[in-house]
> 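One structure is given below, represented as structure tokens, and several questions about it will come after.
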Amino acid sequence: MTGPAPAPAPVGAAPHDPRPGAEDTDPSDEREQSQEARAAQRELVAHTPGFILDGSHSIGGSLVGGAQHGVSGGSARDVYMGRTEIRQEIHQYGPASPAVPASGRVPVTLLDSLAAVFVEGPAFAAALERLREERVLVLSGTHATGRHAAALMLLHRLGVADVHALATETDPAELSAGLTTPGGYVLRDLPLSRNRPLRDTHLYSARDKLREMDGYLVVTVENSPFLFGATASAWVPPDTADVLRAHLIGLRGADTENLLALAPVRDFLGRGAHRPAEAAEFAKVLAAYDGSTDAATRLADFGQAAVEQQCREWLGDPDTTLRDKAFLISLAVFDRAPYVLAAELADRLFVHFQRLQHPEQPPDIPVFGLVADVRLDRARAVGETRDVDTDWGPVPQFTAYFRKEGTPQVLLTEVWTGHPSTRPALVAWLRELARDGRPVVRTRAAAATALLARADLPSAVALLIDGWAVSKAFGPRVTAANALTLAQLLDAPAVLRLLTQWCTDTHWARRWTSIRAFGLLAPLRPALAAPALSALAARARAGNSSAAEADNLIQSTALLLSVGDHRGEMLAELVRLLHHDTAPVRALALDAFVRACDNAEEGALVGWYAEFGMFERSPARDLATLWRTALGDRAHTRGALDALHTWVHVAARRPNTEQALRLLLPALVVTADDHKRLHHELLTLRAPDGGPRPPVADRLLDVLACSDSASHTQTSRS
């Protein structure tokens, strides 16, 4: 005999989870203490990436289902994460041309075309003088900053007859062996390691041979600790504007200043330092500008297109190791967060990638590796020390972020939609982050999931969000609520409909998650405050809530009065609920109002009313109505009086709050019982530390007495 068919799961939801913690009834013995809603809200705001809360969340052309803009310039690619760069760095300074051979003579035409647009940069002159004197020069610098082009131009400026390219695989100990004829030599991106260092003795041997044959050698390396006794010349790239101008002159002639003054060009130059290759590519687009709308759009879209192209190259390059890709993804999640988090948690992601791709091999993570500066440079990122807020105050931390804005969003979207085979590892990793004890880690896991939900909502809900939402434990549910809140801020499709459906879902934990999400969302997106309150009121009207769910309803509704400039509208909505709704909804409105009032934190309702609300007729009238109703309702009188104590204590240290109370008190006295109640509370009030009644209470008693006298006078006249 078969039982009734189970109810269908919500759209996008994961299948029923039979594991402990996935029951469909609210557990009565939940041991985990739920985090107070205001604290959860502060945590969310404090640790969410700025591009979400600041509203700058548009990432332009979509990588999925939209225009996929690529950087023009052929199929050459860069491997920035630890191997030799395959892209011809000459492209950073000169027009497209045949690749330089691995060994042999560099074509003169290539050198001439490069010389026509080359910009020296601040370190070039000193490097040239040193090469002329010492015959051999090690030029060190970061990836894609033009150090190879600079090496060729150093030799070109010396006037050598021929320039030869040596094979990258040349062993440092055999450096002098390849120097066979007079002229110039360039060894591009010599790979160095602990077992393969470049020593001063190698350079001495090469220098002796070069002097004998009248030759010069430039070796380019990335910044490396494996230069033993050899002092490198540090290469500093030229200014982006200078590179852009030089290329533009080569393409358009002298008529360039009007083009450089265009708003999209100023925006491009203002977005920070660009690699010379990007400036050269941008020059091609700018040179084709003809004043049309399409041309202006191509200029405006160039930066975003470059970011998208770079992310595709990073993730699609088979020569970039899994560990390097894991670091890129982790840095995208922890952009502008402490570097140690990105590095530590990148290795955890690498373990998941390793198990997915090579399950037969144990993950091999070096205990010591590259220094942070080198690792960040390979990821086109930078680091800086700045104060980070903690529970104990600001603490200096070394934070890291991508140079190009929009990189985290594009990179996470691309890995989720362009490389779906990574999903099992990525999902397992994000689940680990959601269980981390550090608030910033949990919040960043939610933010990353929100981005994934914008790209593919059904998968993100099924694989991550719903599993967190139906958890018996409090922490995962908060992560689900945070993820849905941030997904709505990112304008992910159908999130609002999902939250509304979950408010009446048969599973208590989905209801809890959606209720909390509505409370978190409305203060951040004021236009959603009314729909959020309607959804919360509908849940209260339905009844049958457990004590925990009822408290969550109250806290989430109180959040609607906790942040932002829309609180006047929310007060009006609560008054409407008092007059036109059922007893459970009326109780919810009063409970939430009292909870919001009993809060002395910065930005609380009392501070907003003192700063703005008391000067507006409607908010002041609605606030007085709610106070009067709460004080006169037997179930809420005590809580309302306690909240009034909070306001008086705030008034003791803030004169504008005292002024607000002086205007509010007369509106709360309608009957003799009202006066008697308030008089008693002010008379018996004590300081927060148990000390004597604060002076502000005496002044408010005088206001109350005057109000009572005026009321009696009015009654006598009547």
Side-chain angles (χ1 to χ4, degrees), residues 38 523 526 529 557-576 578 589-633 636-671 674-688 693-711:
R38 289 196 304 268
T557 306
L559 285 179
L560 305 185
L561 293 169
S562 66
V563 176
D565 300 329
H566 68 288
R567 285 180 272 196
E569 290 86 343
M570 291 312 305
L571 290 171
E573 289 294 320
L574 290 179
V575 170
R576 182 185 62 78
L578 291 181
L590 292 177
D591 282 328
F593 174 73
V594 170
R595 186 76 63 94
C597 288
D598 195 11
N599 175 19
E601 297 172 358
E602 189 70 26
L605 184 61
V606 58
W608 171 84
Y609 179 67
E611 291 287 344
F612 308 105
M614 70 174 179
F615 301 108
E616 300 290 338
R617 180 175 300 177
S618 294
R621 183 179 61 246
D622 293 334
L623 188 88
T625 298
L626 289 163
W627 267 115
R628 252 193 335 266
T629 307
L631 288 166
D633 186 281
H636 297 88
T637 299
R638 185 66 260 166
L641 290 172
D642 289 341
L644 187 62
H645 291 177
T646 298
W647 282 41
V648 175
H649 290 315
V650 173
R653 61 180 186 271
R654 295 185 59 179
N656 63 343
T657 302
E658 179 180 347
Q659 177 63 22
L661 276 176
R662 293 173 71 91
L663 296 175
L664 176 64
L665 278 179
L668 304 186
V669 180
V670 176
T671 67
D674 294 337
H675 180 273
K676 187 183 302 182
R677 182 188 302 117
L678 294 176
H679 183 273
H680 174 76
E681 289 300 318
L682 290 172
L683 192 65
T684 59
L685 184 68
R686 293 292 177 265
R693 183 172 64 247
V696 67
D698 292 329
R699 295 193 292 271
L700 292 175
L701 280 169
D702 293 339
V703 173
L704 197 60
C706 293
S707 174
D708 188 48
S709 299
S711 176

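Residue numbers count from 1 along this sequence. All of these numbers come straight from a predicted model, not from anything done at the bench.
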> Show your working on side chain to side chain contact (heavy atoms under 4.5 Å, CB included) between L605 and L623 and close with a plain yes or no.
CA-CA 10 Å; L605 184 61; L623 188 88; 4.3 Å; yes

> Who passes side-chain hydrogen bond (donor to acceptor under 3.5 Å, both in side chains) against Q659, sequence neighbours left out?
none

> I'd like to check M614 versus L664 (side-chain heavy atoms, cut-off strictly below 4.5 Å). Are they in contact?
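With C-beta onward as the side chain, the pair stays apart.
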
> Not counting sequence neighbours, which residues clear side-chain hydrogen bond (donor to acceptor under 3.5 Å, both in side chains) with T671? List them please.
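side-chain hydrogen bond (donor to acceptor under 3.5 Å, both in side chains) list for T671, sorted by chain: D674.
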
> Under the rule for salt bridge (Lys or Arg N to Asp or Glu O under 4.0 Å), what residues qualify as partners of R654, not counting sequence neighbours?
E611

> R662: which residues meet the side-chain hydrogen bond (donor to acceptor under 3.5 Å, both in side chains) condition with it, sequence neighbours left out?
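Partners of R662 under the side-chain hydrogen bond (donor to acceptor under 3.5 Å, both in side chains) test: none.
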
> Among all residues two or more places apart in sequence or in another chain, which pass the side-chain hydrogen bond (donor to acceptor under 3.5 Å, both in side chains) test with R699?
E658

> Can you list everything that forms a salt bridge (Lys or Arg N to Asp or Glu O under 4.0 Å) with R638? Sequence neighbours excluded, please.
D642, E681

> With sequence neighbours left out, what residues match H680 under ring pair (Phe, Tyr, Trp, His ring centres under 6.0 Å)?
none

> Hey, can you tell me if H645 and H649 have their rings parallel, tilted or perpendicular (30° and 60° cut-offs)?
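Rings of H645 and H649: perpendicular, as their planes differ by over 60°.
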
> Can you name the residues that form a side chain to side chain contact (heavy atoms under 4.5 Å, CB included) with L644, not counting sequence neighbours?
W627, L661, L678

> Please list all pairs passing the salt bridge (charged side-chain N to carboxylate O under 4.0 Å, His left out) test where one or both residues lie in residues 617-631, with sequence neighbours left out.
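Output for this query is empty, none listed.
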
> Salt bridge (Lys or Arg N to Asp or Glu O under 4.0 Å) with D698: which residues, sequence neighbours excluded?
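Listed in chain order: R693.
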
> Mind checking what makes salt bridge (Lys or Arg N to Asp or Glu O under 4.0 Å) contact with D598, not counting sequence neighbours?
none

> Is the shortest heavy-atom distance from the side chain of L683 to the side chain of L701 under 4.5 Å?
yes

